[in-house]
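The figures here come from the full heavy-atom set of this structure, side chains too, leaving out hydrogens, waters and symmetry mates. Residue numbering restarts at 1 for every chain, and letters A, B, ... go by the order of the sequence lines.
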Amino acid sequence: MNKSMKRSDFWSAMGFLLPNLIGFLIFTAGPVLFSLAVSFSNWNLERTVPFAWTGLENFIDLMHSQDFWLYFINTAYLMIGMPLSIFGSLMLAILLNQKLKGIVVFRTLFYLPSFTSGVALMILWKALYNPDFGPINMLINTISHDLGGSIHVAPAWLLSTRNVLGLRVESVGLTIRQWGLGARDALVIMGIWTAIGGNNMLLYLAALTNVPPELTEAAEIDGASKWSLFRNVTWPQLAPTTFFIVVMSFIGGLQGGFDQARVMTDGGPAGTTTTLAYQIYTKAFEQFQVGYASAISWVLFSIILVITLINWGIGSKDLNY
Amino acid sequence: MSSVELTNENRSAQFRRKLLVVTSYTFLIFISIVSLIPFMWMVLASFKPLEEVQRLNPFPTVWHPDNYISVFKQIPFAQYYFNSVFVAAWVTFLTLLTSSMAAYAFARLQWKYRDHLFRLYLATMMVPGVVTMIPNYALMVKLHMLDSYTGLIVPAAFSAFGTFLLRQFMLGIPPSLDEAAAIDGANHWQIFWDIIMPLSRAGLITLAIFTFMGNYGSFFWPLILIKSESLRTLPIGMLYFDSNYGKQTNLIMAASVMNIIPLVILFVSTQKFLVKGIQLGAVKG
């Protein structure tokens with residue numbers, strides 16, 4: 001392309017870009033800067049306190065708040081299903097990556113929970129988890145009764161502060177280890193059910209079909225076992241996909257938990273399902289402490305940034321990106 | 001190697017292949033059941049009288065399709081449907097328009113600072129939604145767009161992600177095509193509209209489906225923006241239906257079924273595009 005054309009492109013480009021750029025500046029770039037500024041203030045939407053710049057006060061308050069750390073732990077807790085879910089997605093993809101009849105039907109069925117996920121399915125799971133009338137506990141109680149056991153073995157699910165890691169909830173005085181199954185586990189289980197056959201599975205499926213058949217054939221001729229074939233040929237070929245999925249899962253997981261908390265638990269019991277995203281919502285839109293909420297959102301953003309950079313660091317070493 | 005050994009080996013290989021097929025189908029069917037059971041419970045519960053929802057018998061003794069009519073009697077469900085589809089359709093239309101034009105500028109035109117600006121677009125995709133949510137809410141208050149269709153539609157209509165996705169598509173179109181058209185005297189608008197857009201069809205359809213779905217199910221923004229009942233979208237309507245009438249599990253399930261049916265239809269009819277779109281490796285959650 002000649003030079004005169006290049007020069008004239010600038011104004012044409014602006015013409016094409018402008019509708020999007022204006023919106024981008026007003027609704028994305030501007031708000032990011034605005035939010036950063038506000039996080040150093042005590043801005044309150046109800047104007048119960050006069051506006052003032054407070055420097056690092058919000059951030060210092062946060063670090064000293066027991067609640068913030070509980071919500072941080074909750075956010076991390078809800079991500080413990082991630083490795084299982086990613087590994088499961090890979091297994092399902094391997095299962096689907098065969099020349100069998102009806103494979104598209106199975107793919108559709110696997111993908112259904114993720115495609116329809118949202119408020120309606122959360123309301124469904126809330127009903128499934130109902131400790132008294134939900135089908136899960138009725139089934140557990142019936143089986144337990146038939147085996148001659150107590151009918152009170154079923155977990156209280158969304159109403160319980162128990163958890164498989166036995167974490168205490170010291171901010172509300174629960175200083176005894178809370179062994180068992182509770183609200184956080186319920187959300188983790190639901191999360192795995194939703195995500196396992198979702199986009200990650202499709203990404204793995206695409207990556208598997210891109211593994212050069214010569215590689216696997218060569219290994220088979222060499223008499224490699226199925227496991228060593230997977231370990232030494234398929235898995236390394238999948239590394240970029242795994243890396244992408246892990247990075248995206250961290251980014252999604254760290255800012256997650258809002259919908260579940262708002263629809264299913266109101267962040268309870270005893271705050272154990274309040275994630276950072278849900279805390280930002282309650283601070284900003286229920287207590288109107290917009291400055292404080294913005295500060296949390298920037299701490300969250302920083303955590304995401306640091307973890308993404310760490311992931312990139314580890315990932316690029318292994319992958320030579 | 002004798003011929004007897006060879007047939008034996010063939011037989012055992014055949015046997016192993018059959019075993020693999022049987023095991024595969026066992027797993028495929030088992031996992032399908034696990035992923036379907038909650039849906040089946042939801043559909044069956046939606047046809048039960050209330051007192052039967054709490055029993056373990058899978059099928060209703062008497063089927064109650066009238067549960068579905070009761071939902072429409074108790075809440076303005078048709079209005080929620082309309083609001084969700086109306087908002088999602090507008091956002092999809094505007095997003096496709098603004099993103100495809102911006103993508104054309106990023107992918108097909110040469111200009112100063114292009115790559116800098118594009119990197120800025122990419123960087124903002126990592127910013128959590130909650131960061132921009134609060135300033136945007138304050139902006140809506142200032143612009144008097146709180147509790148309005150405009151407030152639901154306009155802020156969602158400019159997608160950095162959509163621009164990114166379509167740019168990737170447009171980069172794959174051979175540059176010789178626009179050069180030839182330029183020599184024939186076509187201007188940029190004609191090249192964009194007559195050459196690039198038709199060739200980006202697959203990308204546009206993928207983006208359209210994802211934008212539509214995302215906004216049909218959008219929760220956070222309508223939750224904080226909408227105050228009046230007549231403007232509630234489906235997720236918000238469902239949330240209040242559940243918290244105000246939570247004991248009527250059968251009706252709630254009927255509403256949930258109606259909520260996800262359009263998604264199932266959309267998915268089954270567009271899966272080819274969707275699966276490809278996701279597998280381009282760019283689409284998130």
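For chain B, no part of A:Tyr204 is nearby; none of its heavy atoms comes within less than 4.5 Å. Residue contact with chain B, scored on non-hydrogen atoms closer than 4.5 Å, is absent for A:Ile296. Proximity to chain B (any heavy atom under 4.5 Å) is shown, for A:Leu254, by neither the backbone nor the side chain. Contacts of A:Val263 with chain B are made by both backbone and side-chain atoms, with heavy-atom separations under 4.5 Å. Of the two parts of A:Ala293, the backbone and the side chain both hold a non-hydrogen atom closer than 4.5 Å to a non-hydrogen atom of chain B. At a 4.5 Å heavy-atom cutoff, the contact between A:Leu21 and chain B is made by backbone and side-chain atoms alike. If you measure heavy-atom distances from A:Met14 to chain B, the contacts under 4.5 Å come from the side chain alone. For A:Ile123, the parts lying near chain B are the backbone and the side chain together; criterion is any non-hydrogen pair under 4.5 Å. The contact between B:Phe220 and chain A is made by backbone and side chain atoms together, counting heavy-atom distances below 4.5 Å. Proximity to chain A involves both the backbone and the side chain of B:Phe267, based on heavy atoms less than 4.5 angstrom apart. The contact between B:Phe27 and chain A is made by backbone and side chain atoms together, counting heavy-atom distances below 4.5 Å. Contacts of A:Ser114 with chain B are absent, with no heavy-atom separation under 4.5 Å from either backbone or side chain. With a threshold of 4.5 angstrom between heavy atoms, A:Lys101 approaches chain B through its backbone and through its side chain. Only the side chain of B:Tyr137 comes within less than 4.5 Å of a heavy atom of chain A; its backbone N, CA, C and O stay farther away. With a threshold of 4.5 angstrom between heavy atoms, B:Leu139 approaches chain A through side-chain atoms but not through N, CA, C or O. The parts of B:Val34 that come within reach of chain A are both its backbone and its side chain, each placing non-hydrogen atoms under 4.5 angstrom from that chain. Contacts of A:Thr308 with chain B are made by side-chain atoms alone, with heavy-atom separations under 4.5 Å and no backbone atom involved. Only the side chain of A:Leu45 has a heavy atom closer than 4.5 Å to any heavy atom of chain B. Using a 4.5 Å cut-off between heavy atoms, A:Leu36 makes no contact with chain B at all.
Using the six-membered ring where Trp is involved, A:Trp193 and B:Phe39 have ring planes that are tilted, between 30° and 60° apart. Using the six-membered ring where Trp is involved, A:Phe106 and A:Phe110 have ring planes that are tilted, between 30° and 60° apart.
The candidate with the highest count of non-hydrogen atom pairs below 4.5 Å against chain A, out of B:Pro128, B:Ala105, B:Ala102, is B:Pro128. Between chain A and the options B:Leu234, B:Ile224, B:Asn259, B:Thr249, the largest number of non-hydrogen pairs under 4.5 Å is found for B:Ile224. Here A:Pro135 is the residue among A:Gly252, A:Ser249, A:Pro135 with the most heavy-atom pairs under 4.5 Å with chain B. Of all the listed residues (B:Ile260, B:Ile252, B:Ile134), the one sharing the greatest number of non-hydrogen pairs under 4.5 Å with chain A is B:Ile134. No other option in A:Leu128, A:Ile251, A:Ile280 has as many heavy-atom pairs under 4.5 Å with chain B as A:Leu128. Comparing A:Phe133, A:Phe24, A:Phe301 by heavy-atom pairs within less than 4.5 Å of chain B, the highest count is held by A:Phe24. Highest contact tally toward chain B, considering only A:Asn130, A:Leu100, A:Thr28, is held by A:Leu100 [criterion: heavy-atom pairs under 4.5 Å]. No other option in A:Met91, A:Met122, A:Lys126, A:Gln255 has as many heavy-atom pairs under 4.5 Å with chain B as A:Gln255. The residue among B:Met133, B:Met238, B:Lys112 with the most heavy atom pairs within less than 4.5 Å of chain A is B:Met238. Counting heavy-atom pairs closer than 4.5 Å to chain A, the top-ranked of the candidates B:Leu223, B:Val257, B:Ile236, B:Val154 is B:Leu223. Of all the listed residues (B:Met258, B:Gln54, B:Arg55), the one sharing the greatest number of non-hydrogen pairs under 4.5 Å with chain A is B:Gln54.
Heavy-atom minimum distance, A:Ala186 versus A:Leu158: CB-CD2, 3.9 Å.
Using modelled atom types and a 3.5 Å distance limit, the side chains of A:Ser35 and A:Trp298 yield a donor-acceptor pair. Looking at A:Arg262 and A:Tyr281, their side chains do bring a donor and an acceptor atom within 3.5 Å of each other. A donor and an acceptor atom, one from each side chain of B:Gln271 and A:Thr108, are located under 3.5 Å apart.
Contact of the B:Thr163 side chain with the B:Tyr121 side chain is registered, since non-hydrogen atoms from C-beta on lie closer than 4.5 Å.
Looking at A:Ser89, its side chain does come within 3.5 Å of a backbone N or O of A:Ile196 through a donor-acceptor pair. Using modelled atom types, no side-chain atom of A:Asn97 and backbone atom of A:Leu205 make a donor-acceptor pair closer than 3.5 Å. In this structure a side-chain-to-backbone donor-acceptor pair under 3.5 Å is missing from B:Trp193 to B:His188. No side-chain donor-acceptor contact under 3.5 Å links A:Asn44 to the backbone of A:Gln289. B:Asn250 places no side-chain N or O within donor-acceptor distance of the main-chain N or O of B:Ser46, the cut-off being under 3.5 Å. In this structure, B:Thr98 contributes its side chain and B:Leu94 its backbone to a donor-acceptor pair below 3.5 Å. A donor-acceptor pair under 3.5 Å links the side-chain atoms of B:Trp221 to the main chain of B:Gly151, judged by distance alone.
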Exercise for the section: Check step by step if side chain to side chain contact (heavy atoms under 4.5 Å, CB included) holds for B:Val264 and A:Phe115. Expected result: CA-CA 8 Å; B:Val264 176; A:Phe115 196 79; over 6 Å; no
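Remark: B:Arg232 qualifies as a cation-pi partner of B:Tyr240 under the 6.0 Å distance and 45° angle criteria applied to the six-membered ring. Figure legend: B:Arg167 and B:Phe118 shown as a cation-pi pair, the cationic atom lying under 6.0 angstrom from the six-membered ring centre and within 45 degrees of its axis.
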